[in-house]
Amino acid sequence: MGVLKDRFKEKAEISAAEIKHILKDHGNDKVGEVTLSQIYQGMRGITGIVSETSLLDSQEGIRFRGYSIPELQEKLPKVDGGSEPLPEGLFFLMLIGELPTDEDVADISSMLQRRSHVPNHVFAAIEALPVTSHPMTQFVVGIMALQTESNFSKKYAAGMAKKDYWESMFDDSMDLIARLPRVAAYIYRRKYKNAEHIHPNGLLDWAGNLAHMLGYEDESFKELMRLYMTIHADHEGGNVSAHTTHLVGSALSDPYLSLAAGMNGLAGPLHGLANQEVIKWIFEMREELKTESPTQEQITEYVKKTLSEGKVVPGYGHAVLRKTDPRFTAQMEFGKKHMPDDPLVQTVWNIYEAVPPVLQSMAKIKNPWPNVDAHSGALLVHYGMVEYEFYTVLFGVSRALGVLASLCWDRALSLPLERPKSVTTELVKKWINNEGEIWGD
Ligand code: NMX
Ligand code: MLT
């Protein structure tokens with residue numbers, strides 16, 4: 001832990017000095033213009049956040065500190081005999097900005113094991129909810145109950161100098177990442193497996209141990225968890241879960257409060273909940289068509305029906321991407337390797353053929369291609385995890401890696417309270433008539 005923290009401190013100090021120089025020389029340079037439509041339409045295309053951990057290109061997809069997903073699969077350490085990257089390695093990369101060695105990753109795995117204790121009151125808080133509560137509701141309650149453990153909030157209450165904020169934010173972030181798999185597995189076993197809980201295995205890696213505590217011992221499921229936890233971890237800073245975590249953190253809310261806020265955003269059907277919506281939609285299609293393997297023609301008709309009912313086709317489209325999401329492709333490759341004959345996985349591939357032409361024919365849809373959520377559920381169902389309401393919790397455990405690495409950077413760079421200017425339509429109308437100004441100071 002000490003070594004990781006020292007390395008982070010060293011990197012952050014260099015970056016902070018660099019940013020100071022950049023702002024001194026270029027702080028007043030203009031980076032673009034903002035149209036009225038952008039203000040009304042979700043701020044698409046407005047650059048307004050710094051997030052060091054990853055960068056999204058509309059054509060190429062995500063790069064983590066410059067590395068694409070295939071490059072991560074090649075370069076990040078793996079378990080002996082495994083072929084998927086260890087998410088601990090991605091976390092190191094996002095936090096430190098360098099590829100880790102096998103030893104760096106082993107150190108993070110054992111640090112997370114050491115810090116993984118979840119106090120009993122957290123389980124009691126989850127138990128206080130009806131078992132029928134959505135798993136994301138239980139997950140957020142679990143994270144909020146863990147907040148009693150925050151070092152940052154205790155130290156802040158006792159009086160802490162600004163220069164020390166980053167250190168207890170860092171400690172909290174490591175604790176939280178270490179504890180999340182236990183909380184997630186507890187919710188899964190409570191809701192779906194008669195509350196028969198499984199003890200952690202201290203010899204396993206972070207994602208392998210999550211698979212074990214969920215009750216899946218198949219080595220290829222563990223490999224899936226390693227891939228899943230890697231590819232869902234970060235998608236630059238503007239997506240709802242990352243932006244919310246960053247925004248709430250900017251009020252100096254501790255990592256527990258900030259992540260819980262981000263997870264509430266992930267629980268929305270246009271964001272992370274789309275992974276459950278995809279499988280639900282496919283199951284409903286199979287039931288309605290009374291076949292396990294609908295043809296492409298049948299899928300096309302079903303997509304048109306979904307659209308005619310005024311619903312979205314889940315798993316398709318994106319606010320930034322304009323090509324097939326490389327996270328979809330990585331999962332498709334996993335499917336081809338481990339379960340090429342699975343009828344549900346094949347249906348996902350048939351949907352990939354059928355949906356884009358239909359969406360392309362609707363001028364208003366900017367991206368007809370699949371996103372990460374179009375594929376993930378089918379892989380989980382293959383291993384027997386059919387309880388699709390749980391899927392977004394898995395997304396959330398992974399997303400914590402990226403947004404908490406970013407939160408450490410936010411505090412280390414002393415980024416200030418986030419507070420953009422808002423306007424009223426009344427003021428917009430005055431501005432149009434040259435009777436008022438809508439720019440903030
Ligand atoms: N099915 C039907 N309509 C769509 C779809 C879709 N898959 N994608 C976009 N549209 C509509 C969108 O609702 C909007 O309609 P309107 O003007 O009537 O409000 C119009 O097309 C223009 O939207 P875009 O500018 O292309 O997309 P936007 O940036 O607004 O939204 C999503 C992006 C991701 C919210 C949208 O594509 C969507 O709702 N997709 C389905 C849900 C989904 O898969 N979400 C997961 C995203 C990934 N993640 O994990 O977070
Ligand atoms: C994500 O992974 O956060 C989603 O693809 C949504 C986004 O990037 O806006």
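Each ligand, and each atom within it, is numbered from 1 in the order the structure gives.
Under 4.0 Å from ligand 1, heavy atoms of I365 appear from its side chain as well as its backbone. When heavy-atom distances to ligand 1 are checked against a 4.0 Å cut-off, L270 comes that close through both its backbone and its side chain. By the criterion of a heavy-atom distance under 4.0 Å, neither the backbone nor the side chain of V278 is placed next to ligand 1. When heavy-atom distances to ligand 1 are checked against a 4.0 Å cut-off, A274 comes that close only through its side chain, counted from C-beta outward.
Protein heavy atoms are found inside the 4.0 Å sphere centred on atom 4 (C) of ligand 1. There is a protein heavy atom less than 4.0 angstrom from atom 45 (N) of ligand 1. The presence of a protein heavy atom under 4.0 Å from atom 32 (C) of ligand 1 is ruled out.
Proximity of H338 to Y383: side-chain heavy atoms (C-beta onward) are separated by under 4.5 Å at one or more points. By the 4.5 Å heavy-atom criterion applied to side chains, W166 and K9 are counted as neighbours. Inter-residue side-chain proximity for F334 and M339 is flagged as met; some heavy-atom pair is nearer than 4.5 Å. Between H318 and L56, some side-chain heavy-atom pair lies under the 4.5 Å cut-off. Residues D57 and R63 form no side-chain contact, since every pair of their non-hydrogen atoms from C-beta on lies 4.5 Å or further apart. By the 4.5 Å heavy-atom criterion applied to side chains, V240 and L266 are not counted as neighbours.
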Verdict with supporting geometry, V397 and F139, side-chain contact (heavy atoms from CB on, under 4.5 Å): CA-CA 9 Å; V397 175; F139 190 50; 3.9 Å; yes
M43 and Q38: CA distance, side-chain angles, deciding distance, side-chain contact (heavy atoms from CB on, under 4.5 Å) verdict: CA-CA 5 Å; M43 299 195 282; Q38 286 176 299; 6.0 Å; no
Stepwise ring pair (Phe, Tyr, Trp, His ring centres under 6.0 Å) check, Y352 with F328: CA-CA 10 Å; Y352 183 29; F328 177 91; 4.8 Å; yes
From CA spacing to verdict: side-chain contact (heavy atoms from CB on, under 4.5 Å), V122, I143: CA-CA 8 Å; V122 174; I143 295 168; over 6 Å; no
Verdict with supporting geometry, W409 and F8, ring pair (Phe, Tyr, Trp, His ring centres under 6.0 Å): CA-CA 9 Å; W409 274 97; F8 175 72; 5.2 Å; yes
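The protein heavy-atom contact nearest to atom 1 (N) of ligand 1 is V313 N, 2.9 Å. Of the protein's non-hydrogen atoms, D373 OD2, 2.5 Å is the one closest to atom 50 (O) of ligand 1. With respect to atom 13 (O) of ligand 1, the closest heavy atom belonging to the protein is V312 CG1, 4.3 Å. Remark: minimum distance from atom 36 (C) of ligand 1 to any protein heavy atom is reached at Y316 O, 4.3 Å.
Counting only distance, with no hydrogens or angles, the side chain of S133 and the backbone of L129 share no donor-acceptor pair below 3.5 Å. With K78 contributing its side chain and Q73 its backbone, the two residues share a donor-acceptor pair below 3.5 Å. At distances below 3.5 Å, at least one donor-acceptor pair connects side-chain atoms of R399 with backbone N or O atoms of H232.
Of the listed residues (H232, R44, K311, K366), the one carrying the non-hydrogen atom nearest atom 30 (O) of ligand 1 is R44. With atom 34 (C) of ligand 1 as the reference point, the heavy atom nearest to it among Q41, E277, H318, H271 is part of H318. Closest heavy-atom approach to atom 37 (O) of ligand 1 among the candidates G268, P269, G317, G272: G317.
For ligand 1, the atoms sitting less than 4.0 Å from at least one non-hydrogen atom of L307 are 2 (C), numbered in the order shown with element in parentheses. Within the listing of ligand 1, atoms 29 (O), 33 (C) sit less than 4.0 angstrom from a heavy atom of A319.
In this structure, Y156 and Y165 have tilted ring planes: the angle between them lies in the 30° to 60° band.
For ligand 2, the protein residues within 4.0 angstrom (heavy atoms only) are H235, N239, H271, H318, R327, F395, R399.
The shortest N or O to N or O distance between P314 and ligand 1 is not below 3.5 Å. Some N or O of K364 is nearer than 3.5 Å to an N or O of ligand 1, by distance alone. For ligand 1, the polar-atom distance check against G315 finds a nitrogen or oxygen pair separated by under 3.5 Å.
Heavy atoms of H235 come nearer than 4.0 angstrom to ligand 1 in no pair at all.
You'll find the ring centres of Y302 and W281 inside the 6.0 Å limit.
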